[in-house]
Enquirer: 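To start, I am sharing the structure in question, which I have written as structure tokens.
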Amino acid sequence: MPGVGVAETRASFEEYVRARTPALMRIAYLMAGNAHDAEDLLQSALERAAVRWRQLDDPEAYLRRVIYTQSVSRWRRLRARPPETLTDAPPERSAEIDHDTRLVLASAIRRLTPKQRAVLVLRFYEDRTETEAAILLGVGVGTVKSQTRHALRRLRELAPDLAELAGVSDQPEGGAQQANRETVQ
Amino acid sequence: MNLQQMLRDLADEAPAPAVAPGLFDRVRRTRRQRWLAAAAVVVVLVSSGYGVSVVDLHRSHVAAGPDGLPGTVVDPPRWTKELAGSPNGPASVVFWGPAVAGPAFGHLRQTGMAVVGLSRDTYRVVYPSQPSLALSPDGRTLLLPYTRDNGGVTHWRVDALDLTTGASRTVVTDFVPVRWSTDGTHVLLVQPTRWFTPDAPGETINDVTAMVMSWPSGQVDWTVHVARPAPVEGENSYHLALSPDASMLAVATSGQERVYRRDGSLLWSRDVSWNLVAGPAAWRDDGRLAVMQRTVNSCPGCPPSNWTDRTDWRLGFLDPATGDPVAGPGYPVLRAAFSVQVVAWRGDTAYAVVRSGSSQARAALVRLRPGVAAPDQVLSMPAGASDLTVATDYVDSVRPAGPAEFGVSTSQLLSMAYDASRPAAAVIIIGVLLWYWRRSRKRLRPVPPAP
């Protein structure tokens, strides 16, 4: 947005914030695993965007990239990663599938590494292809594939219920629609 | 229900975003403040070099002692301040060689020379175009040669630097300074013939025109053309000595010693092989002309001796009217020296600058007393001082050395920082280029909007 004054830039930024922050907050929430860290993540991304708002060709892509890269950044990971608790037995299966499975999924996602969490959200929440996920994360397609594979395997280990419910597997690009056609081996 | 639906259900639990009001202005204000703070830090760091130098300059004015040569001379650090901007008063010693760094950011045609204060151990540096200089006997004025390229032609000039004020003025062009007379009333300068006739034949290409100039008037007293058909002492070495009344000039060159009158005529000339006029103070007040008799060690089958070989040196005397040897007291032999230059006399005691060492010459000021077996060392120099000149009025006054003060040259500090940062800068530049390259690649690949 070259040639635009500060007042117009501010108006443009605030309008965008009003329109798009709910959607961005959902991604941040999935990435952070809790409301407090999600707000922190979103706030940080908006602050970065604000200082270079005039230069951004695609604010949405920029903000998403910041949310993903910040969530996997070393410093944030050191600060935000919840401690893992080792137990003797795997978590018990819940009888009430919808509610309890969501809780199990939330708990399992929080225990993934940030990179695994990022590829899962991109591939299965945003329904991105592997190529798009690689571009957004700034990594190679091979990395996305391997991280997806590791994430799903880890999910199966942490929450065996999800293997039956989700029926997911690591797949070539095409997003969750393709991936969901496969079953867990 | 699949994983995608589960994730969307989970995302629905995200709270409503609470973006702080005024975020846009606050973030930009904070960023502006950080930039200003960083700029302030840079300004403080850069100006602190200047500040430190000002503090050092004031400090140099407090610890003055008696005038004289310092008992100890040390290597000046590379950041030693330049004399022109921070004069340290009359000088006792000027020295040069590997111990003295060149100018900041390098200049091939300038040589670093350290100037040591007369009454305190303050060090400053000057950067003439050639290590051919003359320090007045009282240490107050330094004649320095400089070059200026104009259309491919090099022009030389001689500047007189007032060491008390740091002011400089050009006294003559197309000459280089060689000697100051022992009484400080005349200056001897030289103009090489090759400057103006670069295509001259080999017999005359090394000739020089010597000029005697009155000081401080700057009037040219007389000039003489000195033929040097085979200057074994080297093209840029001028062994010249003015008579005490500045009416005659003794010259050693091409295996000869000669005495010229002020009208340019030759009084006498004789072949002397390796012997030389003893130095700028060769001409004694009693009329004798001191010479340095060199003992060149030769042996059957050894390679022929060279001017640059280390040899043994002993003082002798000639009758300046005839060139015949005359009797004189016996002086100690100076062994294995590259060169010896007598710079002053106190009675029969001679003071000489001696350059000796194994491979790299190291200069020293010694005292040669008649009837004594070995010379006394008056001034010992750091290892990297390959040559020196002193304020000859003070050769017999050595004061105890105090704490050395060097000032701080901001340009030298920046040069040092630049030198140190060059390897890091290359890495940073490569990193920045890679970052831009990757960034531009990412921008070329559009990402479709999220659902």
Side-chain angles (χ1 to χ4, degrees), chain A residues 6 9-11 13-14 17-18 21-30 35 38-39 42-43 46-51 53 57-58 60-61 64-65 97-98 101-102 105-106 109 120-129 131-132 135-136 138 152 155 162 165-168 175-177 179-180, chain B residues 1-43 424 426-451:
Chain A
V6 173
T9 308
R10 184 193 299 111
F13 175 78
E14 288 174 350
V17 167
R18 276 193 300 274
T21 44
L24 294 171
M25 182 65 181
R26 289 159 64 87
I27 296 171
Y29 182 72
L30 287 176
E39 282 185 357
L42 179 62
Q43 183 86 0
L46 289 173
E47 285 176 357
R48 281 169 176 250
V51 294
W53 191 253
D57 298 328
D58 185 353
E60 177 89 8
R64 285 170 183 272
R65 185 175 292 133
I97 289 177
D98 279 356
T101 302
R102 204 158 58 234
L105 176 65
I109 284 180
L120 271 194
V121 172
L122 280 167
R123 298 273 282 118
F124 296 100
Y125 171 71
E126 291 201 18
D127 203 14
R128 301 279 188 186
T129 65
T131 305
E132 290 168 2
I135 293 170
L136 276 166
L152 293 174
L155 269 186
L162 298 177
L165 287 171
V168 292
Q177 298 299 331
N180 286 333
Chain B
M1 184 174 285
N2 56 28
L3 182 57
Q4 183 182 43
Q5 188 57 51
M6 295 294 292
L7 286 169
R8 288 185 175 171
D9 289 347
L10 197 58
D12 287 341
E13 294 176 5
V19 179
L23 173 79
F24 182 84
D25 291 329
R26 178 174 57 77
V27 168
R28 291 167 73 94
R29 188 168 55 245
T30 305
R31 186 171 186 248
R32 208 163 40 238
Q33 287 168 349
R34 283 180 183 163
W35 273 107
L36 284 172
V41 167
V42 170
V43 168
V427 173
I428 290 169
I429 288 169
I430 290 170
V432 168
L433 289 175
L434 280 174
W435 179 72
Y436 267 107
W437 178 69
R438 290 189 61 185
R439 195 169 169 225
S440 61
R441 279 191 68 209
K442 281 181 191 170
R443 282 192 167 178
L444 289 173
R445 295 185 294 176
V447 179

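Below, read A as the first sequence line, B as the second, and so on, with proteins coming before strands; counting in each chain starts at 1.
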Enquirer: Between A/Arg48, A/Arg26, A/Arg18, which residue shows the highest count of heavy-atom pairs closer than 4.5 Å to chain B?
Expert: A/Arg26
Enquirer: Where is the tightest heavy-atom contact between B/Phe24 and A/Thr9, given as atom of each residue plus distance?
Expert: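 Reported closest heavy-atom pair: CZ-CG2, 3.8 Å.
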Enquirer: Report yes if the side chains of A/Glu14 and B/Val19 come closer than 4.5 Å at any heavy-atom pair, otherwise no.
Expert: no
Enquirer: Answer with side chain, backbone, both or neither: which region of A/Glu39 has an atom nearer than 4.5 Å to a non-hydrogen atom of chain B?
Expert: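 Interface part for A/Glu39: side chain.
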Enquirer: Where is the tightest heavy-atom contact between B/Pro15 and A/Tyr29, given as atom of each residue plus distance?
Expert: CD-CD1, 4.0 Å
Enquirer: If I compare all heavy atoms of A/Phe124 with all of B/Gln4, which pair ends up nearest, and what's the gap?
Expert: O-CG, 2.8 Å
Enquirer: With a 4.5 angstrom heavy-atom cut-off, which part of B/Asp12 approaches chain A: side chain, backbone, both or neither?
Expert: both
Enquirer: How long is the span from the CD atom in A/Glu126 to the CZ atom in B/Arg8, to the nearest 0.5 Å?
Expert: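 Taking CD in A/Glu126 and CZ in B/Arg8, the distance rounds to 9.0 Å.
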Enquirer: About how many Å separate OH of A/Tyr125 and CD of B/Gln5, when rounded to the nearest 0.5 Å?
Expert: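 One gets 10.5 Å once the value is rounded to the nearest 0.5 Å.
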Enquirer: Please classify the contact of A/Ile109 with chain B as side chain, backbone, both or neither, using a heavy-atom distance under 4.5 Å.
Expert: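 Contact with chain B involves the side chain of A/Ile109 alone.
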Enquirer: So what's closer than 4.5 Å to chain A heavy atoms on B/Ala18: side chain, backbone, both or neither?
Expert: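 For B/Ala18, backbone and side chain are both near chain A.
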Enquirer: With only heavy atoms counted, which part of A/Ala38 is less than 4.5 Å from chain B, the side chain, the backbone, both or neither?
Expert: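 Neither part; nothing is under 4.5 Å.
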Enquirer: Is it the backbone or the side chain of B/Arg26 that comes under 4.5 Å from a heavy atom of chain A, or both, or neither?
Expert: side chain
Enquirer: Which bit of A/Val17 comes within less than 4.5 Å of chain B, counting heavy atoms only: side chain, backbone, both or neither?
Expert: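 Looking at A/Val17, just its side chain touches chain B.
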Enquirer: Considering non-hydrogen atoms only, spot the tightest contact between A/Val51 and B/Arg28 and give its length.
Expert: O-NH1, 4.1 Å
